[in-house]
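Side chains included, hydrogens not; waters and symmetry mates left out as well; all remaining heavy atoms used. Just so you know, residue 1 is the first one in the sequence shown, and it goes up from there.
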Amino acid sequence: MSPSSDPPKLNTLTVDASAPAEISVLDGSANTVARAVGHLSSSLPSDIYKVRVRVGPTLEERIVALDRDQEVRIDAPTDFSSPIPLTNTRRSQDKHQETTRWASENLSQVLGIGASILIIARAWSRHGDSAPINPATDLMFIDESSSMKLDIGKLAKFTADGDPIASWSAAVTPGSYRLQLAGGITRAIFVTNNLQTQAFLLQRTTSSYGRSDSATLDIENAAISISPQQSFDPGSSQTWLAEVARYALTQKRKILSEGVLDQVLRAKFDDPMLGLLGAHLLLRDEPDNVVDFETVTQNLFNLLGSDHPDVRALCLARRTPLSEVPRRITSPPMLRASWDLAVAHSLKESDIFPEDSEANRIATLVLPGSPWLIWKTPTDGEGSSMRLEETLQDFVAARSRADRARSNATNPVRSRLNSAYRTLAHGLEVVRGTAATVREAMPELSLDEKGELTKVLGIPASKLDSMLRKLFP
């Protein structure tokens, strides 16, 4: 009997990150042997390991020789960029953090009762010397009925020392509002009772040099946060984690580990925006995880109420419907994933988007984008609808060509004879002056084809049917 070999000596590796980043430990064969979020402690055999700290698309790595117990601290990558002036992010400055905190706690105006709104528009440059342009110029804050239109560029407190920042906050009535730039690019922003909804926009420069004399706000990538404390905390790990979740939702594949996703879901009580993003990530990345999804949506209903359009959209996907949450999307949601979810369900329930609702009105104006719902009010009449109709016509024409190709492949001789006969008959009618304009018949689309069209065009099934009837009367 051979003598038993001694078990390998184990040493404890402790890793701390400066933010709730994903920590992975890889052995010499690139196998992941330990994983955690924010803090890791694991007993491992003596060896050389690679410690990796990831935040969204950025990462830091360090080689560790584990011949004894080791404690390692690795700062989270600061290349992670966010419109929110958070610590441990690349485009943040102490001055912007303090200005934002002060504005969140000292409201500029009282426009209603029950909730508050904070809007921050700022510029950022590597050397802190952006041109002294008010970043909030041409930014409007509008209620859903358009009866209130506020020019934030004129109302905001503007500071041009270094990289400029404009801040504005107000007490408002809970409900649906809009952020809109000159030219009509529009974002939905929903304000909930007893919460502060915070919008953060960065200036997008138009110069190829370090300094710019003209700039526009990047409204498409503006970040939204929801604060139960109605205050801004630049060191908030929940807001920081929400930004990681926001980035993950823009990707077409799963990029968050189970540990990070679990932390996103466990933090939902502290940051409702994180809960909304986490619910969509859970639905996309773990569609069979019914128990967690129904728990998250129940919590979101408790936090945000039944009027919130993103909550309504998410609840459409529940296996067990919440009777307190209406199955109608009357106001546009903030997230594009919420809109797509409601559009998909409109194939089964035709009145998801009520005909007289604001959500139905903007349905043909929606622009491609992620993770936020963005639309543009057309300046050329029905330009947006016409572009959608042209896309739909192209699809129907391509489908007809494919059908003819399949028919030709099945019986090429008969197909050629039929084609020749139709050409000859039409030629005789033209000569005789009896030829009539031929309208193509309404195509018979399968449910799968309708589903694909509503997804690609981003329009509810009722709008698709209306377009088809218009194109093929």
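Counting heavy atoms from C-beta outward, Leu335 and Leu276 have side chains that approach closer than 4.5 Å. Residues Phe293 and Arg318 meet the side-chain proximity criterion, which asks for heavy atoms closer than 4.5 Å. Side-chain contact between Asn289 and Leu282: present, with at least one pair of heavy atoms (C-beta onward) separated by less than 4.5 Å. Taking the side chain as every heavy atom from C-beta outward, Thr297 and Val325 never approach each other to under 4.5 Å. By the 4.5 Å heavy-atom criterion applied to side chains, Arg178 and Ile189 are not counted as neighbours. Looking at heavy atoms from C-beta onward, Ser116 lies in side-chain contact with Leu107 at the 4.5 angstrom threshold. With contacts defined as side-chain heavy-atom distances shorter than 4.5 Å, the pair Thr192/Leu303 does not qualify. Residues Gln93 and Pro85 have side chains not in contact (no heavy-atom distance under 4.5 Å, counting atoms from C-beta outward).
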Taking it one step at a time, do Arg328 and Asp351 satisfy salt bridge (charged side-chain N to carboxylate O under 4.0 Å, His left out)? CA-CA 7 Å; Arg328 304 288 178 272; Asp351 56 349; 2.7 Å; yes
Start with the C-alpha gap between Glu105 and Ser231, add the side-chain angles, then the distance that decides, and say whether side chain to side chain donor-acceptor pair (under 3.5 Å) holds. CA-CA 6 Å; Glu105 298 172 355; Ser231 177; 2.6 Å; yes
Tell me, with the steps shown, if Glu452 and Lys455 meet salt bridge (charged side-chain N to carboxylate O under 4.0 Å, His left out). CA-CA 5 Å; Glu452 187 63 26; Lys455 181 179 179 180; 5.4 Å; no
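Interatomic distance, Thr239 OG1 to Ile224 CD1, rounded to the nearest 0.5 Å: 12.0 Å. Here Leu13 contributes atom CG and Ser41 contributes atom OG; the two are 8.0 Å apart, rounded to the nearest 0.5 Å. Taken from CG in Leu181 to CG in Leu217, the straight-line distance is 5.5 Å, to the nearest 0.5 Å. Atoms CD1 and CZ, on Ile84 and Arg246 in that order, are 7.0 Å from each other to the nearest 0.5 Å.
In terms of modelled atom types and a separation under 3.5 Å, the side chain of His345 and the main chain of Arg327 share no donor-acceptor contact. Judged by distance alone, the side chain of Thr99 and the main-chain N or O of His96 form no donor-acceptor pair under 3.5 Å. A donor-acceptor pair under 3.5 Å is formed between the side chain of Asp143 and the backbone N or O of Met148.
More than 12 heavy atoms of other residues, nucleotides or ligands sit less than 6.0 Å from atom CG of Asn106. Counted within 6.0 Å of CD on Glu71, heavy atoms from surrounding residues, nucleotides or ligands total 12 or fewer; the atom is thus considered open. In Lys9, the NZ atom is crowded: over 12 heavy atoms of neighbouring residues, nucleotides or ligands sit closer than 6.0 Å.
Checking Gln97 against Thr87 by side-chain atom types alone, no donor-acceptor pair falls below 3.5 Å. Using a 3.5 Å distance cut-off with no hydrogens or angles, the side chains of Ser331 and Glu144 do pair a donor with an acceptor.
Taking both residues in full, the closest heavy atoms of Thr186 and Gly184 are given as OG1-O, 2.7 Å, listed atom of the first, atom of the second, then distance.
Relative to the six-membered ring of Trp375, Arg361 misses at least one condition, a distance below 6.0 Å or an angle of at most 45° to the axis.
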Solution key, residues 62-70 side-chain donor-acceptor pairs under 3.5 Å, sequence neighbours excluded:
from, atom 1, to, atom 2, distance (Å)
Arg62, NH1, Arg73, O, 3.4
Asp69, OD1, Thr12, N, 2.8
Gln70, NE2, Ala65, O, 3.0

